[in-house]
Protein chains: 2
Amino acid sequence: MNSQKEKYSELIDCLCTSLRRSARNISQIYSEHLQQSGEKINANQVSILVLLSQIEKETISELSNKLKMERTTLTRNLKVLDKSGWIKNYSGTDGRMKFTKLSKRGNQVLGKILPYWKQAQNKTKKILGDDLKLFQDNLKKISNL
Amino acid sequence: MNSQKEKYSELIDCLCTSLRRSARNISQIYSEHLQQSGEKINANQVSILVLLSQIEKETISELSNKLKMERTTLTRNLKVLDKSGWIKNYSGTDGRMKFTKLSKRGNQVLGKILPYWKQAQNKTKKILGDDLKLFQDNLKKISNL
DNA sequence: TTAAATTATGTGTATATACACTTAATATTT
DNA sequence: AAATATTAAGTGTATATACACATAATTTAA
């Protein structure tokens, strides 16, 4: 059945598949570099800590909006960060809300991994060369689809 | 501590984070379109079935190389496809190897989701416009980092 | 003010991902 | 041929992801 092969051949150039594949690989690259800091931390965890470093304290829902990450996914991700002592949780007047903040140790870890993150980022930028800005713009477009 | 905010501000433009975010979102888009076929299938599962449609039968290791997907990840992904009856497994003369092939039902499913996949793919292509080819090239570069 | 609707968050379940380790089979070495 | 090394695949564990559903607190409507 050679017709089958041709029937689905266009499905090979799937943009979703390509993006997932790239995300897998770049996650590996970044995480490998981060390992060299001696901290047991990965790229996804860093991205959340970085957001926390840029704000005072915010609710899970607000954070999930900014990260464009499903709220319940974030809940589970935060649990891991909490276990490592990198974040701190607070409650406010509204008993439903839960506020999250970067902890002192979380801040220290960010400082420690910074140079290794830079290495990974530079490595990636080098690959993209002049296409960097356009590439980032296109990623943003897809994130907002 | 405003200095902290500036100290890590460059970490916000993390290419890894952007790629992961885009991958999450595009996966949602594709999966939503695929749902409309009536089949309970997602974009990742399609990508594996598509690869299988292009080959005769291959070992897990060979498949994981072609997909650039960790072998043990693929093992688990194949288990899901097997449960749905979309693939078929064979053993060869070498008792260690396990060969996987698209099943008749798997082939049917691919035919059924094809138009919905096309919708998602066109939607994405439209967003990228003239940047499509360059974008794909850059994704490929990152996949091969 | 009590009932109903809304809101913020968490949990159950399933899939995706990857590393460390295990197991079984084949190939190589002695 | 038996011991050793290599190879192919699976399992344990942990994290990431997302949907459906549950729960608790607050707000709105009656």
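Note that the structure is predicted; figures quoted are calculated from it, not measured. Every chain is numbered from 1 and lettered A, B, ... according to where its sequence line falls, protein lines coming before strand lines.
Evaluation of the ring-ring contact (aromatic ring centres under 6.0 Å, His included) test over residues 57-89 of chain B, restricted to residues two or more places apart or in two chains, returns none. The ring-ring contact (aromatic ring centres under 6.0 Å, His included) contacts involving residues 121-145 of chain A comprise A:Phe135-B:Phe135, where partners must be two or more places apart or lie in separate chains. Sorted by first and then second residue, the pairs that involve residues 40-58 of chain A and meet side-chain hydrogen bond (donor to acceptor under 3.5 Å, both in side chains), not counting sequence neighbours, are A:Glu58-A:Lys66.
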Exercise. Using a cut-off of 4.0 Å between protein heavy atoms and nucleotide atoms, how would you tag nucleotides 17-26 of chain C 5' to 3' with B, S and -?
Worked result: BBBB----BB
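Between the P atom of D:dT15 and the CG atom of A:Leu49 lies a distance of 14 Å, rounded to the nearest Å. The distance from atom CG of A:Leu74 to atom C1' of D:dA16 is 11 Å, rounded to the nearest whole Å. In this structure, B:Leu34 atom CG and D:dC19 atom P are separated by 13 Å, rounded to whole Å. Across the protein-nucleic acid pair, A:Ile48 atom CD1 and D:dT15 atom P stand 12 Å apart, rounded to whole Å. Distance B:Lys79 NZ to D:dA9 P: 16 Å, rounded to the nearest Å. Taking atom CG of A:Asn42 as the reference point, atom P of C:dA16 lies 19 Å away to the nearest angstrom. The interatomic distance linking B:Gln35 (CD) with C:dT15 (C1') rounds to 13 Å, in whole Å. Between the CD atom of B:Gln45 and the P atom of C:dA14 there is a distance of 14 Å, given to the nearest Å.
For residues 97-104 of chain B, proximity to DNA chain D is found at B:Met97, B:Lys98, defined as any non-hydrogen atom under 4.0 angstrom from a strand atom. Less than 4.0 Å separates DNA chain C from at least one heavy atom of each of the following residues of residues 57-67 of chain A: A:Thr59, A:Ile60, A:Ser61.
B:Arg96 is linked by a salt bridge (charged side-chain N to carboxylate O under 4.0 Å, His left out) to B:Asp94, counting only residues two or more places apart in sequence or in another chain. Listed by chain and number, the residues in a side chain to side chain donor-acceptor pair (under 3.5 Å) with A:Asp82 amount to none (sequence neighbours excluded). With sequence neighbours excluded, no residue satisfies salt bridge (charged side-chain N to carboxylate O under 4.0 Å, His left out) with A:Lys68. Annotation: side chain to side chain donor-acceptor pair (under 3.5 Å) contacts of A:Asn122 (sequence neighbours excluded): none.
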Determine all donor-acceptor pairs shorter than 3.5 Å in which one atom belongs to a side chain in residues 10-18 of chain B; sequence neighbours excluded.
{"from": "B:Glu10", "atom 1": "OE2", "to": "A:Lys118", "atom 2": "NZ", "distance (Å)": "3.3"}
{"from": "B:Ser18", "atom 1": "OG", "to": "B:Cys14", "atom 2": "O", "distance (Å)": "3.0"}

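DNA chain C is contacted by both B:Lys40 and A:Thr75; A:Thr75 maps to the nucleotide lying nearer its 5′ end (nearest heavy atom per residue).
Through side-chain heavy atoms spaced under 4.5 Å, either directly or across other Ile, Leu, Val, Met, Phe, Trp or Tyr residues, B:Phe99 is tied to B:Tyr90, B:Met97.
Residue B:Lys83 is classed as a sugar-phosphate contact, given heavy-atom separations below 4.0 Å to backbone atoms only.
Between A:Asp137 and A:Lys141, no side-chain nitrogen of the basic residue sits less than 4.0 Å from a carboxylate oxygen of the acidic one, so the salt-bridge criterion is not met.
Annotation for B:Ala43 and B:Ser31: closest pair N-OG, 3.4 Å, computed over non-hydrogen atoms.
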